[in-house]
Structures are given as C-alpha cells and as structure tokens.
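Below is one structure; the comments refer to it alone.
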Amino acid sequence: MINQVASGTAALLLMQIMTVAMAQDDLSVRQNAAASVAAALIQELGSTLKTNMAEDGPEAAITVCRDIAPTIANDLSLEYGWKVTRVGTRVRNTMMGIPDAWEQHGLAYFSAEIDAGAAFEDLDYTAVITEGNQRYFRFMKPIVTQPLCLGCHGPSEALSPAIQTILDQHYPHDQAINYAVGEIRGAVSIKQPLE
Ligand code: HEC
C-alpha cells in the first residue's frame, strides 16, 4: 500500500516534470524562432543601409531607416503572425519607436549587462505576459550602434548639414542623436500571441 502510494506520487511527479519540460521546450523553440527573425531584421537593415549609403549617399539612405525598416518589420509580422517592431533607447520617431513598460525594462537590462561587459550577440530578453484574456510570448534583441549609424544618430558634428536639415524638418522632437559606436541604440521587439 505504501509502495503504491509512493509509486503513484512518483508517477505524478514524473508527469509534472514532463509537462514543465514540454512547456520549456515550446518556449525555447519560440525563443529560437524569434531570435532568427530578429537577426534577419537587423541583418537586412544593416546591409540595405550599407548599399544605399554607398550608392546614393546618406541623405537618400534616410529612407532605409525611415521607410524600409518598418516595411521589413511589417513583412516579418505578416509572415509570422507576430508583431515585430523596433524601439529606441532615445527615440527619433515618437509614434513608432517608443518602448512600452516591458520594453523599457528590457533596454535597461541590456544596458546594465553591456556595462558589465556582456557581448551584444549573447543578450536577449524574454517573458510570457498576460494582457486581459490573452497571453503573449515576448522577445527582445539589442541593436548596437555601428560606425555606419553615426551619420544620422551620432554627435551633431557627425551629421552633415543636409542630414540635419532633413531631420529638423521631419523629426522636430528627435532624441536619437549623440550615440557612440558600441552603445545600445535600441532593440528589435517581438510579441507573439499564445494559445
Ligand atoms: C541615413 C540616416 C540614418 C542612418 C545611417 C541610420 N538611421 Fe536609424 N533612423 C533614421 C531615421 C530617419 C529614423 C526614424 C525612422 C522612422 O521615422 O520610423 C531612424 C530610426 C531608427 C530606429 C527606431 C527608433 C527611433 O529612434 O525612432 C532605430 C532602432 C535605428 N534607427 C537604428 C539605427 C542603426 C542601428 C543604424 C546603423 C546600423 C541606423 N539607425 C542608421 C536615420 C538613419
């Protein structure tokens, strides 16, 4: 009788462990998928920016960060059924780039880790959250400032007069300057509804 109870308890425990393991598996599958989507966005943005800057100069390349980045993010959102966006630590586009509360925690976590010596490529930030009746898987990957970014996000001496004029015209509330190479510029943020 005691044995039966013990083996019953063991079986129950085993089931619980398996359930937790399966849930973790599912999350790690999601995490890997989100990581590759974020990497695809960062990679595509970087290479499109590079090509456009080389071919048409920085003034024309403004459209990459302005129009193409949201388009790529939008295409990825439609393709995967997830919300894929870019947020900034200091923001140029106040309509699209402002992080929500969860994303602000993620950005603060990334900054602290980077200050402590962590490498960008090793960092991500994930959680399962509930809003109303809906659960979501959330994922963030940091975006680092590269030399290529300084012409539009660097200190004011790095911005050409032409760029400065365009920025003043389109983004009167621009905060996204004075970044240094290696500093966190923002993050790709992904939100997936869970069943
Ligand atoms: C040619 C100018 C230009 C260059 C170069 C550039 N950006 Fe931008 N960036 C912009 C503009 C303009 C916006 C505002 C886009 C919008 O309206 O949504 C922006 C917005 C962003 C945002 C969204 C958050 C925000 O501030 O609104 C991120 C993140 C970002 N840029 C990262 C980068 C990174 C990283 C690089 C270098 C790899 C880079 N940018 C290079 C012009 C540029």
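Counting starts at 1 for both ligands and their atoms, in listed order.
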Check: Can we call the ring centroids of F137 and W82 under 6.0 Å apart?
Finding: no

Margin query: Please check this pair: side chain of Y179 against backbone of R90, looking for a donor-acceptor N/O pair closer than 3.5 Å.
Written below: yes

Next item on the list: Kindly say whether C65 contributes a backbone atom to a donor-acceptor pair with the side chain of R86 at under 3.5 angstrom?
Entry: yes

Notebook entry, point to check: So, does H170 sit close enough to ligand 1 that a heavy atom of it is under 4.0 Å from the ligand?
Noted result: no

Item checked: Close approach, P58 and ligand 1, non-hydrogen under 4.0 angstrom -> yes

Item checked: Closest candidate by heavy atom, reference atom 27 (O) of ligand 1, pool D67, N93, N52, D174 -> N93

Next item on the list: Between L148, I184, I163, flag the one that comes closest to atom 5 (C) of ligand 1 by a heavy atom.
Entry: L148

Considering only heavy atoms of [X], which atoms of ligand 1 have at least one such atom less than 4.0 Å away?
X: A61; value: 1 (C)
X: Y171; value: 12 (C), 14 (C), 15 (C), 16 (C), 17 (O)
X: R90; value: 26 (O)
X: V144; value: 35 (C)
X: I143; value: 29 (C), 35 (C)

Notebook entry, point to check: With a cut-off of 2.8 Å, which protein N/O/S atoms are close to atom 8 (Fe) of ligand 1, if we only count those under it?
Noted result: C65 SG, H153 NE2

Next item on the list: Step by step, work out the salt bridge (Lys or Arg N to Asp or Glu O under 4.0 Å) result for R138 and D100.
Entry: CA-CA 12 Å; R138 301 198 66 173; D100 67 18; 3.0 Å; yes

Check: ligand 1 versus R86, non-hydrogen atoms closer than 4.0 Å: side chain, backbone, both, neither?
Finding: side chain

Notebook entry, point to check: Looking only at heavy atoms, what is the nearest atom pair of L107 and M140, with distance?
Noted result: N-CE, 3.7 Å

Item checked: Plane angle bin for Y125 and F110 - parallel if under 30°, tilted between 30 and 60°, otherwise perpendicular -> perpendicular

Margin query: So, taking the atom named CG in D174 and the one named CG in L167, what distance separates them when rounded to the nearest 0.5 Å?
Written below: 5.5 Å

Next item on the list: Rounded to the nearest 0.5 Å, what's the gap from CG on D124 to CD on Q31? Could you check?
Entry: 5.0 Å

So do [Y] and [X] actually touch side chain to side chain, heavy atoms under 4.5 Å?
X: E79; Y: D75; result: no
X: P70; Y: M96; result: yes
X: T85; Y: E103; result: yes

